[in-house]
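Below is one structure, written out as structure tokens, with a few remarks after it.
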Amino acid sequence: MANGATVGEVQRSVPGRFIAFIVRWTTATNHKDIGTLYLCTALLNLFIGGTLALCIRAELFVPGLQFVEPNFFNTLTTMHGLVMLFGFIMPVAVGFANWLIPMMIGAPDMALPRLNNMSFWLLPTATILLISTLFMDGGAPNFGWTMYAPLSTTYGPPSTDYMIFAVHMLGISSIMGSINIITTIATMRAPGMTWMKLPVFVWTWLVTAFLLIGIMPVLAGAVTMMLFDRNFGTAFFDAAGGGDPLLFQHIFWFFGHPEVYVLALPAFGIVSQIIPTFSRKPLFGYRTMVMATVLIGFLSYIVWAHHMFTSGMPYGAQLYFMLATMLIAVPTGMKVFNWITTMFRGSISFETPMLFAIAFVFMFTFAGCTGVMLAVAPADFQYHDSYFVVAHFHYVLVNGLTFAFLGGAYYWYPKFWGRMYSERLGRWHFWLSAVSVNVLFFPQHFLGLAGMPRRIPDYALQFVDFNFISSLGAFVFGFSQLIFVYNLITSRRRGEPASDRVWEGAQGLEWTLSSPPPHHSFQTPPKVD
Amino acid sequence: MSEPTPTDKYYIPASSHWPILCCIALLTFFVGIGRWLHDLPSGPWVWLCGIALLVVVLFGWFGNVISENLSGAYNEQVGRSFRSGMKLLILSEVVFFAGFFGGYFFIRLWGIPMLGGEVHPITSVMLWPDFSAEWPLLTNPDNDRFLGATNLGSPWGVPLANTLLLLTSSVTLTYAHRAMAAGHSGTLKAGLFITILLGATFLGLQAHEYIDDYERNNLTLNAGIYGSVFYLLTGFHGFHVLVGVVMISTMLGRALKGHFSRPGDHFALEGVAWYWHFVDVVWLLLFLFVYWL
Amino acid sequence: MVGLIRFLGAGLLGACVLFSPALAAADINMPRGVTPVSQDIYGLHMYVIWIVVGIMAVVYGVIIFSLVRHRKSKGAVADTFSQNNLLEIVWTVVPLIIITAIAVPSIRVLIEMDDYDAADLTVKITGHQWKWQYEYLDHGVGFFSLLTTPMAEVVGVEEKDEWYLLEVDEPLVLPTNRKVRFVVTSNDVIHSWWVPELGIKRDAVPGYIYEAWARIQEPGTYRGQCAELCGVNHGFMPIVVKAVAPAEFDQWIAARANAAPPVTSDRDWNLSTAMTRGAALYDQHCGACHKFDGSGMPPTFPSLRDSSITTSADVNRHIDVVMNGVPNTAMPNFAPQLDDEELAAIITYERNAWEHDTGDLVLPSQIQARRQ
Ligand code: HEA
Ligand code: HEA
Ligand code: CUA
Ligand SMILES: [Cu+2]
């Protein structure tokens, strides 16, 4: 055991292919194995969360109650939010981090491989605990992913306690993952790989990991207080005992806002890798890119209460949070402009990853602009908790980040598996997704402006048309993702063998390795100059 | 974080079954508490199974690391990784407590004055006309549902003694650490032993104070926000002291087996020392803001 | 690439065709509203929209230009520049200027919204699961306001009414051209009182009071909905505000204030009238939690079919639960909300519906006696 035995040895020593398979994946310490585990889990959760979303959209297809009861509808919304955020979009980012960071910095593996295994396996364990609440007496949590007290404390179903523990485990998982990533970047860089030579993706993950360490413990604290209020008679969120329900919101959003940049930054990183490759031009403004990343990370800590404009904060606080929030547009804008200038006067080609990256820039800019509208405190009194907000964050999360991650998946697929995906299917996937996702979420802006609140199972008649269109888009978008999965699975066998560099314009250490790369990426550190 | 130094060889551990067992242990542990909270008969037993498995995992995992270390498999790069990991772990703990302190200040500086009508009178006038803001809060807005504490102990009794205990223990631990670096294994053992004693005394006094508060002062978890905040902060701190004592005891056990005989840096002891100092600093803040001011 | 552009064009065209009927039929923008604040918000909203449209035009313009002109398939050769300090300073400073331009008018509106003084009239709004309670503090008038859309419309048995889900038994009546101050709180969880046309969305936080104000400029009926997830029937607690001329309002409120309190009498009280009234009242007030067939949603909302309380010989225990509620649970106290006859009817109904058939007839005077 002591000296770097490889996975192959374990396989031989355990009889039975099935057991060998289980043992191999449950005990994996290799960064690529763990990265694969993360990516597969994320994909699975996308489908679980997506199925929940399709149930939501099915219920909202036409007014009236058709398929689900109001209570179960609230459960669907809550589980959809939680599964998508904690089960899909965070793991997908960590999966890429595991695969790529060692290859990009010229290391053989992550710094703390056993910890890495644990942070992965906590994820399915916690997800199973979370999803099991659906089958418990009294139903699953039904108070939204924001779990505001006192709806979640005094009035929550019994399964809430299990959700709290699941959140604890997810928190531990993220913290350990972040510790590992920071440590890897800090101690495992190949000689000559100075800070300002790190690929932007690595930089974004460094900042993300610090963000995670700075917020996950706070979330753990918040749900712990919830647990105490529910079971041990404390009064944190109860005015009768001197507490305050808004305390929960403040603590939650102190976590919740940086959380959205935790999701966004790795996606920015991926786009910053893809665009130069297919523009055949170095990334414009590397220094600004790094600086903007750090700045976004910092600013995201001090804007949380823009989710609480209507909650009764004093005027001065509203003013401050409005201004601070709008400030984030500046570093984010730097990034957008840098991407555009990278494309400008390049030699652009339109392979599937690039299509997704371009769509990301388009739709993320749009989503950011609705974000700035939300940040205008007086106007947020009309937008808040309406479908306008739902539209805003799906534009960032789905049209934006999910597209970036899909682009990343196509971009590195040949590198990871040594085979090209089918470009034809990739394009079908892209165009179907790009059109349907807008049909899905664009009308929701109108719904929100016209006054439709979020988290309702049934709606008044003036909202009929747009809900119908939106649901239509949802099913087409869901279907398009099946093309993606089909492409991934079939190309693994039938795809053409990929060359080492794969893309003509690709730069970076990962492309100097073979496709697929060796089990331990860089046994001896490469020389970087 | 410094620039990387060239190493021609990395250490890569083999696959390991400890992490997944640890996950299963945590799951069992949490499911156990959950069932316990809902008064299901199996709860405490499931919980105990979780704890037992966790203990096995900790022994196995750390044992594995220690034997790798003793066999000389680690190099300087591994040492740096461990140190970086420990620092970040402590950072996350700092944030954990910072969250609680943030909540505490919010309640004191905003929630309570609001309820008492000091910020903006309307809440107090219309909803809690009999309530007046004070800290520590003995009379709650609704004293029927949350019966406040009758009186509070002085910070200059047990809390002050505890402060002195912890401060001294930090000194003795540093002393032990220095002794190890210099290769004085006898002093090392003595230093660790005294530190453990001090930590254990702290825990004893703290338990005594809790019992006192519950029985004489009616300072309970149900005593409204003061009780809530008090037990949340001191309780989690006490738990960290307990973990620290267990870790230092492990170090003492290893020292007795002769593990730290080779002079020089030993990450385990160093990490534990950092952790202990962190727990100490948290206590100072607690003493300042929860007991005193 | 030409193929791609064609595809994109076709998609866009398709989307337009898809949208056009909807665009004509439904409102797609924020209502301008009928208060100074709502109109200022609307102005701000349009102002910011035009700014971001401008930003998007520039951003998209440059991207599309590069995509068209600098395509590899057209033989574009990549440049190598990767740094330009002047450019980067410009695109840091320009957004800063833009956000200042957004911030300044926003601050003005924010200050305007924050002014709760010198009101002509104060209304206390209390959120309950799942109804609103209104109290005119200056007149001693108060009532609850509940959804009236029948269940048959919700489940699709009946045709949906024009104001499906937006109709209540008693709207909040307000005078036009007077400054009305709202003090908003909640009895259980957080709700949010949102009427888009008044430009008000104010969270109702239990144990705390936060304020809002409106000066309605036009008579009319304005509708809104609870905007903070508050449990099962969050989607079913609408708000209807009826704004009337001040004179009409004064008349209305005087009539309400002087209305004689209902007299409790057991005359004409028999099992069948009590059951009919009880069934309707039960559906309206209790059905949300305990379900129309009394099965509830255990364990949080107990089944009343199998409850010992609803069938035990001790009627008073049953009466007390309904009148006083169960503290620290969702079960509200109905004593302040329903009169003696209504409570008697509901309790009688519960004791005889769902094969309970206890034959108990609860008298209004029994209820009156239990009111301390
Ligand atoms: C990855 C996720 C992500 C990202 C990146 C963002 C980005 C932003 N978000 Fe969003 N947001 C969410 C996810 C995200 N958000 C979620 C999930 C919620 C709802 C949570 C819930 O309630 O359930 C939410 C809700 C939310 C609210 C609360 C709404 C409400 O409930 O009332 C607000 C309010 O300020 C807001 C603002 C912003 C802003 C200003 C940005 C900015 O960072 C955007 C910056 C980007 C740009 C502006 C575009 C590019 C810039 C330029 C081209 C430069 C020029 C531009 C200008 C000068 C304007 N968001
Ligand atoms: C990354 C995050 C993420 C992603 C990807 C999505 C994706 C989608 N979301 Fe959601 N959403 C959130 C995060 C996300 N969402 C959050 C945080 C909330 C707030 C929750 C709250 O209010 O608390 C929310 C809320 C939310 C609402 C509002 C609910 C309400 O307020 O009541 C709606 C309604 O339309 C919605 C819809 C959708 C749809 C249609 C998709 C689609 O993109 C999904 C597309 C579908 C698939 C990709 C799956 C494909 C599946 C099949 C084709 C079926 C095959 C099935 C099997 C193989 C089993 N989401
Ligand atoms: Cu009341 Cu939502
Ligand atoms: Cu935010």
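Keep in mind the model is a prediction, meaning the values are calculated, not measured. In what follows, chains carry the letters A, B, and so on, assigned in the order in which the sequence lines appear, proteins first and then strands, with residues in each chain numbered from 1.
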- Contact summary for I209(C) and M114(B), nearest pair of heavy atoms: O-CE, 4.2 Å
- Task: Enter the distance from K124(C):NZ to I122(B):CD1 here, rounded to the nearest 0.5 Å.
- Result: 9.5 Å
- Is there side-chain contact between M126(B) and T185(C), with at least one heavy-atom pair below 4.5 Å? no
- Task: Would you indicate whether K242(C), at its atom NZ, is surrounded by more than 12 heavy atoms from other residues, nucleotides or ligands within a distance under 6.0 Å?
- Result: no
- Message: With a sphere of 6.0 Å drawn around CH2 of W135(B), does it hold more than 12 non-hydrogen atoms of other residues, nucleotides or ligands?
- Response: yes
- Just wondering, are more than 12 heavy atoms of other shown residues or ligands nearer than 6.0 Å to CZ in F105(B)? yes
- Work out which heavy atom in Y208(C) is nearest to a heavy atom in T123(B); give both atom names and the distance. CA-CG2, 3.7 Å
